[in-house]
Amino acid sequence: MPAIPRPAPDEYAPYYRGYIDEVPPGDVLPILERQMAETQELLRSVPASRAMHRYAPGKWSIKEAVGHVSDAERIFTYRALCFCRSDRTPLPGFEENEYVAAAGFDARSLSQLARELETVRAATLTLFQDLSDDTLLRRGTANGKELTVRAIAYIVAGHERHHVRVLRERYL
């Protein structure tokens, strides 16, 4: 499994920098693997009675936050797949709050949502694990901004780290 180097700032829109900065030094693939194990451990520690907790009015529940991470990772990796295959079609953005409102995550168990997240991550790892250096540098446009495949790998990792940090700090 070849290493995926950290993307240069010209490989992503400035608003993704916060996510990319969340990713510690090192190859992103082992980081993605480790973080999934850590996130699953965290989610197993959340009592069912706490899964609907919102840290403030109008904020997502823990279940909704976990569902959002799965949805976002699917969208990010779809973008990566399109770019890997040299599809130059501009891809749309997505309104995360509308996705969460329409998803019905609170009607599901936290353990179901955790399994789904684990399955999504397995697919993400499969997509990224054998990409050539040239493929990792392919670019595409999503939400009106250009980015590379390898930037998406770091965005996926940083996005999850961001939400896990919020879960630890504000929910738990």
Does some side-chain heavy atom of N143 sit less than 4.5 Å from a side-chain heavy atom of P92?
no

Under 3.5 Å: donor-acceptor pair, side chain of R17, backbone of Y12
no

Whether E64 side chain and D106 backbone form a donor-acceptor pair below 3.5 Å
no

Output for pair (C84 SG, F128 CZ), nearest 0.5 Å, gives 7.0 Å

For V28 against A153, the heavy-atom pair lying closest together
CG2-O, 3.9 Å

Would you say H163 and H68 make side-chain contact, with heavy atoms under 4.5 Å?
yes

How about D134 and S132: does a side-chain donor come under 3.5 Å of a side-chain acceptor?
no

Stepwise, does the side chain to side chain contact (heavy atoms under 4.5 Å, CB included) test hold for M36 with E41?
CA-CA 8 Å; M36 182 45 49; E41 184 178 333; over 6 Å; no

Mind checking whether D71 and F94 have side chains closer than 4.5 Å, heavy atoms only?
no

Under a 4.5 Å side-chain heavy-atom rule over Ile, Leu, Val, Met, Phe, Trp and Tyr, are V156 and Y78 clustered together?
yes

Do you reckon L113 sits in the same ILVMFWY cluster as V164, going by side-chain contacts under 4.5 Å, direct or chained?
yes

Keeping R54 on the side-chain end and I62 on the backbone end, is there a donor-acceptor pair under 3.5 Å?
no

In Å, rounded to the nearest 0.5 Å, how long is the span from CG of L43 to CD of E118?
10.0 Å

Value rounded to 0.5 Å, distance of CD in E22 from CZ in R165
4.0 Å

With distance as the sole test, does D27 use its side chain to make a donor-acceptor pair with the main-chain N or O of I4 at under 3.5 Å?
yes

4.5 Å side-chain heavy-atom contact, L127 and L81
yes

So, the side chain of Q112 versus the backbone of S109: is there a donor-acceptor pair under 3.5 Å, distance only?
yes

Evaluate the side-chain proximity of L167 to V46: yes if any heavy-atom separation is below 4.5 Å, no if none is.
no

Taking all non-hydrogen atoms of both residues, which atom of V23 and which atom of G158 are closest, and how far apart?
CG2-N, 3.5 Å

Backbone N/O of V166 and side chain of Y55: donor-acceptor pair under 3.5 Å:
no

Do side-chain atoms of K63 reach the backbone of R108 as a donor and acceptor pair under 3.5 angstrom?
yes

Are the side chains of H53 and S61 in touch, meaning some heavy atoms are under 4.5 Å apart?
no

Provide the full list of salt bridge (charged side-chain N to carboxylate O under 4.0 Å, His left out) pairs with a residue in residues 142-164, sequence neighbours left out, each pair given once.
E11-R150, R121-E160, R139-E146

Got a donor-acceptor contact below 3.5 angstrom from the T126 side chain to the A122 backbone?
yes

Hey, are the side chains of L147 and F83 touching, using non-hydrogen atoms and a 4.5 Å cut-off?
yes

Could you measure the distance from the OH atom of Y171 to the CG atom of L42? Nearest 0.5 Å is fine.
12.5 Å

Using modelled atom types and a 3.5 Å cut-off, is there a donor and acceptor pairing between side-chain atoms of T148 and backbone atoms of A151?
yes

Between CZ of F76 and OH of Y19, what distance do you get to the nearest 0.5 Å?
6.0 Å

Check whether any side-chain heavy atom of P24 sits under 4.5 Å from a side-chain heavy atom of I31, and report yes or no.
yes

Co-membership, hydrophobic cluster, residues I155 and L91, 4.5 Å side-chain
yes

Do side-chain atoms of R34 reach the backbone of L29 as a donor and acceptor pair under 3.5 angstrom?
no

Where do P7 and I20 come nearest, in terms of heavy atoms and distance?
CG-CD1, 4.0 Å

Pairwise distance CD1(I75) to CD(E73) - rounded to 0.5 angstrom:
11.0 Å

Is it true that W60 and Y99 fall in one hydrophobic cluster, defined by side-chain heavy atoms closer than 4.5 Å?
no

Transitive ILVMFWY side-chain link Y15 to V69, under 4.5 Å:
no

